[in-house]
Number of protein chains: 2
Amino acid sequence: MVSDVDATLTALADPTRRRIVELLRERPRRAGELVAAFDISAPAVSRHLRVLRHSGVVTERPADTDARQRIYELRPDRLAALGAWLDQVQSFWTDQLGAFKAHAEKTRAERVSEE
Amino acid sequence: MVSDVDATLTALADPTRRRIVELLRERPRRAGELVAAFDISAPAVSRHLRVLRHSGVVTERPADTDARQRIYELRPDRLAALGAWLDQVQSFWTDQLGAFKAHAEKTRAERVSEE
DNA sequence: GACATCACTAACCATGAGGTTAATTATTAA
DNA sequence: TTAATAATTAACCTCATGGTTAGTGATGTC
């Protein structure tokens, strides 16, 4: 029930991996491109990518132009599952305390529009 | 920018803490009640609660009937912020999926930076 | 074919996080 | 006021995780 959410949260637990997700949020990127974005070594980034891959947060494929290069792309399903889990937790909460429901929704909406 | 999301994800990274959140999803609970729900020691649970407290996911207050007991309650703001972050990531993905599916391999697409 | 390049795995090391038991604080009960 | 209870902090141990450098496999380039 929570197992893929579990893997997703574990994957997003690390700040470097969160940053990778944010980079991939803009567009797919080559592994080397991601390595260049951090001050850590290439193998370190590579292992973060493996965690993200195995948790299903990203996909990987070789580039058409140069098969040595690997393109990483964000995959929405797992993030959607996490979102659903969050909605569930929040909805239970709002059911419990109906008076605050409006406030919670309002807060959420504000945060979205802020960025 | 991501800092509270950061703390929230770190807090939810641990399976025990996720389970605590799910228990609190139903109703506020006493610390001892939460301890009883796990096979680990009371201090271990206590520290998980501290992490959740510091990340803002839960609040704590003494019980009215017995001030030794502490009531833990879920707080929606941080989870809402995390939800907003997820929405943001996903919306970027869906906006740009079509365009990049076609050209990502051949073209180095230049992006408008929204930050 | 020889060599460079991209990204990965392998092997190793250090730190942090989660677990334990023992001690501490605050409150209630006798 | 003394003892018991609820929960926490303190001190300690172990192991998972993230970092490193070195080596490997595959692909592109000369």
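Sequence lines set the chain letters: A, B, ... in the order given, protein chains first and strands last, and positions in each chain run from 1.
For the atom pair CZ (A:Arg19) and CG (A:Leu34), the distance works out to 10.0 Å, reported to the nearest 0.5 Å. Distance CG/B:Leu24 to CZ/B:Arg75: 13.0 Å, rounded to 0.5 Å. In this structure, the separation between CG on A:Leu82 and CZ on A:Arg78 is 11.5 Å, given to the nearest 0.5 Å. In this structure, CD1 in B:Ile20 is found 4.5 Å from CG in B:Leu49, a value given to the nearest 0.5 Å.
Contacts between residues 29-44 of chain B and DNA chain C, defined by a heavy-atom separation under 4.0 Å, are made by B:Ile40, B:Ser41, B:Pro43, B:Ala44. Contacts between residues 56-64 of chain B and DNA chain C, defined by a heavy-atom separation under 4.0 Å, are absent.
Applying the side chain to side chain contact (heavy atoms under 4.5 Å, CB included) rule to A:Ala81 yields the partners A:Asp4, A:Val5; only residues at least two apart in sequence or on another chain are considered. The salt bridge (charged side-chain N to carboxylate O under 4.0 Å, His left out) check on A:Arg29 picks up A:Glu26, A:Glu33, with sequence neighbours excluded. Residues meeting the side chain to side chain contact (heavy atoms under 4.5 Å, CB included) test with A:Val21, sequence neighbours left out: A:Leu12, A:Leu52, A:Val57, A:Leu74, B:Trp85, B:Val89. Under the side chain to side chain donor-acceptor pair (under 3.5 Å) criterion, A:Arg17 pairs with A:His48, sequence neighbours left out. With sequence neighbours left out, the side chain to side chain contact (heavy atoms under 4.5 Å, CB included) criterion links B:Ala44 to B:Ile40, B:Ser41. With sequence neighbours excluded, the residues forming a side chain to side chain contact (heavy atoms under 4.5 Å, CB included) with B:Arg68 are B:Asp66, listed by chain and number.
Reading DNA chain C from its 5' end, the first and the last nucleotide to sit under 4.0 Å from a heavy atom of chain B are C:dG18 to C:dT28.
If you take CZ of B:Arg50 and C1' of D:dT8, they are 8 Å apart, rounded to a whole angstrom. If you measure from atom CZ of A:Arg19 to atom C1' of D:dG18, you get 17 Å, rounded to the nearest angstrom. Going from atom CG of B:Asp66 over to atom C1' of D:dA4 covers 12 Å, rounded to whole Å.
Applying the side-chain hydrogen bond (donor to acceptor under 3.5 Å, both in side chains) test to pairs two or more places apart or on separate chains, those with a residue in residues 49-63 of chain B are B:Arg53-B:Tyr72, B:Arg61-B:Glu73.
In terms of position on DNA chain D, the residue among A:Ala67 and A:Thr10 whose nearest nucleotide sits closer to the 5' end is A:Thr10.
Smallest separation of non-hydrogen atoms from A:Ile71 and A:Pro28: CG2-CB, 3.8 Å. Of all the heavy atoms in B:Ala13 and A:Thr10, the pair that sits closest is O-OG1, 4.2 Å.
Regarding contacts with the backbone of D:dT17, every side-chain N or O of A:His48 stays at 4.0 angstrom or more from both OP1 and OP2.
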Pairs under 3.5 Å (N/O, protein and nucleotides 12-15 of chain D):
none

